[in-house]
S.K.: 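One structure is given below, represented as C-alpha cells, and several questions about it will come after.
Worth saying up front: this structure is predicted, and the values here are computed from it rather than measured. Quick note: numbers below take in every heavy atom, side chains included, and nothing from hydrogens, waters or symmetry partners. Residue numbers start at 1 and run along the sequence shown.
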Amino acid sequence: MRQAVDVLAVFDIGAMSPRPIRFKVVDHGIKKTVRITDISNIEWLGAGGMTRIVYDCLTVNEGRRIRYKLFYFYHECRWELECSTDRRC
C-alpha cells in the first residue's frame with residue numbers, strides 16, 4: 001500500500017538525487033515524524049516518461065529496525081511511502 005507523505009530532503013549541489021532526512025506519516029490516524037537512519041539503496045526507474053527514484057530506507061524506532069521504500073516522482077516533485085503488508089501506514 002502506498003501513501004503520499006511530506007518529506008524533508010536535502011538537495012545537495014551536484015548530487016544526482018535529493019537525500020531524504022525525515023518524513024511525516026499517518027499511523028493509526030495520528031501524524032508522526034519518522035527520522036531516516038540509513039538509506040541502503042537508491043534506484044532510478046523510468047517508464048512511460050515517469051522518472052522516479054526509489055529509496056530503500058531504514059529507521060530505528062524503540063530498538064526495532066523498520067524498513068521503508070520512499071518513492072520520489074522527479075518531474076512531479078512528490079513523495080510516496082510504500083508500506084509492507086505486515087505494517088500499516
S.K.: Quickly, which of Val54, Ile36, Ile42 forms a side chain to side chain contact (heavy atoms under 4.5 Å, CB included) with Leu70? Name it, please.
M.R.: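 The residue from Val54, Ile36, Ile42 that satisfies side chain to side chain contact (heavy atoms under 4.5 Å, CB included) with Leu70 turns out to be Ile36.
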S.K.: Where the side chain of Thr37 meets the backbone of Val60, is there a donor-acceptor pair that is under 3.5 Å apart?
M.R.: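 Such a contact is found between Thr37 side chain and Val60 backbone.
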S.K.: Is any NZ, NE, NH1 or NH2 atom of the basic residue among Arg78 and Glu76 found under 4.0 Å from an Asp or Glu carboxylate oxygen of the other?
M.R.: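 The answer is yes: the pair qualifies as a salt bridge.
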S.K.: State plainly whether one hydrophobic cluster holds both Ile30 and Val5, where clusters connect Ile, Leu, Val, Met, Phe, Trp and Tyr through side-chain heavy atoms under 4.5 angstrom apart.
M.R.: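 Different hydrophobic clusters.
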S.K.: Working note: Arg65 + Leu58, criterion side chain to side chain contact (heavy atoms under 4.5 Å, CB included); need CA distance, chi angles, decisive distance, verdict.
M.R.: CA-CA 7 Å; Arg65 305 177 104 203; Leu58 173 70; 3.3 Å; yes
S.K.: Relative to the ring of Tyr74, is the ring of Trp44 parallel (under 30°), tilted (30 to 60°) or perpendicular (over 60°)?
M.R.: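 Rings of Trp44 and Tyr74: tilted, as their planes differ by 30° to 60°.
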S.K.: Check step by step if side chain to side chain contact (heavy atoms under 4.5 Å, CB included) holds for Arg35 and Thr33.
M.R.: CA-CA 7 Å; Arg35 185 176 166 274; Thr33 300; over 6 Å; no
S.K.: For Ser17 and Tyr55, run side chain to side chain contact (heavy atoms under 4.5 Å, CB included): C-alpha distance rounded to whole Å, both residues' side-chain angles, the deciding distance at 0.1 Å, then the answer.
M.R.: CA-CA 10 Å; Ser17 58; Tyr55 298 85; 3.6 Å; yes
S.K.: Validate the cation-pi geometry between Arg52 and Phe71: distance from NZ or CZ to the six-membered ring centre under 6.0 Å, angle to the ring axis within 45°.
M.R.: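 No - Arg52 does not lie over the ring of Phe71 by the 6.0 Å and 45° rule.
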S.K.: Side chains of Asp6 and Lys31: closer than 4.5 Å at any heavy-atom pair?
M.R.: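 Yes, their side chains come closer than 4.5 Å.
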S.K.: Working to the nearest 0.5 angstrom, can you tell me the gap between Arg67 CZ and Asp56 CG?
M.R.: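 Arg67 atom CZ to Asp56 atom CG measures 8.0 Å (nearest 0.5 Å).
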S.K.: Tyr72 vs Trp79 aromatic rings, parallel, tilted or perpendicular, using cut-offs 30° and 60°?
M.R.: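 Answer is tilted, since the angle falls between 30° and 60°.
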S.K.: Following the transitive rule for hydrophobic clusters with a side-chain heavy-atom cut-off under 4.5 Å over Ile, Leu, Val, Met, Phe, Trp and Tyr, establish whether Val10 and Val7 coincide in one cluster.
M.R.: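 No.
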S.K.: Just how far is it from atom CD1 of Ile66 to atom CG of Asn61, taken to the nearest 0.5 Å?
M.R.: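 If I round to the nearest 0.5 Å, the distance is 5.0 Å.
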S.K.: Would you mind reporting whether Lys69 and Leu81 have side-chain heavy atoms less than 4.5 Å apart?
M.R.: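 No; the side chains remain at least 4.5 Å from each other.
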S.K.: Salt bridge or not for Arg19 and Asp12, using N-O below 4.0 Å?
M.R.: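 Yes, this pair counts.
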S.K.: Do Phe23 and Tyr68 have their ring centres less than 6.0 Å from each other?
M.R.: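 Between Phe23 and Tyr68, the centre distance is under 6.0 Å.
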S.K.: Using the rule that Ile, Leu, Val, Met, Phe, Trp and Tyr join whenever any side-chain heavy atoms are under 4.5 Å apart, tell me whether Ile39 and Val34 fall into a single cluster.
M.R.: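 Same hydrophobic cluster.
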S.K.: Given 3.5 Å as the limit, does a donor-acceptor pair link the side chain of Gln3 with the main chain of Glu82, or not?
M.R.: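 No; zero donor-acceptor contacts below 3.5 Å.
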